Amino acid sequence: MSTLYARDEAAVAGIEKLRFFPLEVVSGRGSTLITPEGRELLDLSATWTACGLGHGHPAVVEAVSRAVRSAPGAGGLSAVHPDSVGLAEDLLALVPGTGERRVYLGHAGSDANDVALRACRHATGRRTVLAFEHSYHGGVGVAMGVSGVHVDAGAAPDADAVFLPYPNPFRPAGGDIDADVHACLDLADRHLATGTIACLIVEPILSDGGLVVPPDGFLAQLHERCRRHGVPMICDEVKMGLGRPGTLHAFEHDAVVPDIVTFGKVLGGGLPLSAAVGPAALLDAPPAAALLTTAGNPVCTAAGRAVLATIVGEGLAERAAKVGALLQDGLRALDTDLIGDVRGRGLAIGVELVDPVTGAGDPRLAAQVVYRAWELGAVVYYVGGNVLEVTPPLVLTDDEAVRATEILGAAIADAAAGKVDAEEVARYAGW
């Protein structure tokens, strides 16, 4: 163990660590991370999508440098400044919707979702939240209580949360995905009809639950039922939105316009920034109900404006669609029976690792593959127990996509051949 990693173990709280291998980094550029020894690693995670523009993007560097030099205060709590107002206006222009709308600015997807959920409860006078099994919406407050991943791990669910099954085309619960979709929608409809539902929150692609891409039309059918019963639908785009799925917004795939859309991760370009965009009737009251002193600060909002301008100006959604197709094709072409499924949209890709005999998910293999990939020169993590989550920066090049396929293919082959030290891997708990 290196000195840096030992210092981390002695000083940083374990409750905020999710470690898969002893990753140490001192700098980065584009889709490359650099270790203290100067080793270059291909970043296939983008820090769980937070560094969506890669590392050291010039537009973010310039915006943050300008803001730091002349920052007017440290937040938008009791004052206004050009970048907080400007970022809100930028989001209103980019997120479809009608009527009078507002933007909440926060620090992370967790607080954006928490605020959106609490706002719906306050505005409707209802308590029950419809969410999904194996979902992830945050690590604090109501958002944590309606996150299926946290509940799966033993956290107490929110007292008024109801969890619906998320349709998984690769592993339909009843053996028929159409039947699963029907069952989910029927269950949602029955709850919505009770008149007790404050809102429904959904990920357009289930991310930490296994990067599950639902059947086409599922989100639209879900939205139609919410509208029928007058229940707001919150679309959590924190991890899968803003260019990653090959469109600016993931919900565009089903041509829906959610009532509230939440953002985080990529929005800050690596800095803490989140947002919720929705009706003024939901987000305007009560005043001072969501106070974070440094929310809407000049530095993070300047970064956010630069990120949005870059995604749109450089056509990164279109680029994600093109490079993502190349990457998915390469992964599907790998000669191995250990991959049960390659799925995704754009640069949101899931590689499901399985036992070739039974077809069951293989979490042990996934842990060894991500460890071996790190040894071979790439950073990738797993979600849902056995699914490699491939979410590189949106600036990934064609050549880097080819190299990613080569490294992941070699990592899978090496893990299967017993070339990975299982005892060493076991030191890193992962999920």
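Throughout, residue positions are numbered sequentially from 1 according to the sequence presented. Please read these numbers as outputs of a predicted model, since none were measured by experiment. No hydrogens, no waters, no symmetry mates; every other heavy atom, side chains included, goes into these values.
- Residues R403 and D399 are not paired through a salt bridge, judged by the lack of any N-O separation under 4.0 Å between the basic side chain and the carboxylate.
- Between R29 and E40 there is a salt bridge, since a side-chain N of the basic residue sits under 4.0 Å from a carboxylate O of the acidic one.
- F263 has its ring centre no less than 6.0 Å from the ring centre of Y104.
- N113 and D236 share a donor-acceptor pair across their side chains, judged by distance under 3.5 Å alone.
- Checked options V342, L44, V213, L211; the residue passing with I349 is V342 (criterion: side chain to side chain contact (heavy atoms under 4.5 Å, CB included)).
- Not one N or O on the side chain of R319 forms a donor-acceptor pair closer than 3.5 Å with the backbone of G324.
- Distance alone, capped at 3.5 Å, is enough to place a donor-acceptor pair between the R121 side chain and the R127 backbone.
- Rounded to the nearest 0.5 Å, atoms CG (L219) and CD (E252) are 12.0 Å apart.
- Taking the charged nitrogens against the carboxylate oxygens, E224 and R228 do have a contact shorter than 4.0 Å, which makes a salt bridge.
- Closest of all the heavy-atom pairs between L327 and A404 is CD1-CB, 4.0 Å.
- Atoms CG and CD1, from L388 and I339 in turn, are 7.5 Å apart once rounded to the nearest 0.5 Å.
- A distance of 6.5 Å separates OG1 in T391 from NZ in K239, rounded to the nearest 0.5 Å.
- Interatomic distance, CG of D111 versus CG of L105, reported as 10.0 Å (0.5 Å rounding).
- Residues R19 and D8 have side chains in contact (heavy-atom distance under 4.5 Å, counting atoms from C-beta outward).
- Taking the six-membered ring for Trp and thresholds of 30 and 60 degrees, Y371 and W374 have ring planes more than 60 degrees apart, a perpendicular arrangement.
- Put simply, the side chain of S65 never gets that close to the backbone of E62: no donor and acceptor are under 3.5 Å apart.
- Annotation: R118, atom CZ; neighbour count of heavy atoms from other residues, nucleotides and ligands within 6.0 Å is above 12.
- Rounding to the nearest 0.5 angstrom, the gap separating the CD1 atom in I234 from the CG atom in L200 is 8.5 Å.
- Between S274 and A108, the closest heavy-atom pair is OG-O, 2.9 Å.
- When only modelled atom types and interatomic distance are considered, R332 and Q328 share a side-chain donor-acceptor pair under 3.5 Å.
- A donor-acceptor pair under 3.5 Å is formed between the side chain of D254 and the backbone N or O of A220.
- If you check the side chains of H81 and N297, you find no donor sitting under 3.5 Å from an acceptor.
- Relative orientation of the W48 and F20 rings is tilted, given thresholds of 30° and 60° on the angle between their planes.
- Other residues, nucleotides and ligands place no more than 12 heavy atoms under 6.0 Å from the CZ atom of R227.
- Between the CZ atom of R225 and the CZ atom of R190 there is a distance of 12.0 Å, given to the nearest 0.5 Å.
- In the model, T247 has no side-chain atom that pairs as donor or acceptor with a side-chain atom of H253 under 3.5 Å.
- Residue A366 comes nearest to L353 through the heavy atom pair CA-CD1, 3.7 Å, listed as atom of the first residue, atom of the second, then distance.
- For V312, the side chain to side chain contact (heavy atoms under 4.5 Å, CB included) criterion is met by L94, not counting sequence neighbours.
- Within the 4.5 Å cutoff, the side chain of L206 has no heavy atoms near those of the N168 side chain.
- Residues R343 and G210 approach most closely at NH2-O, 2.9 Å, considering heavy atoms.
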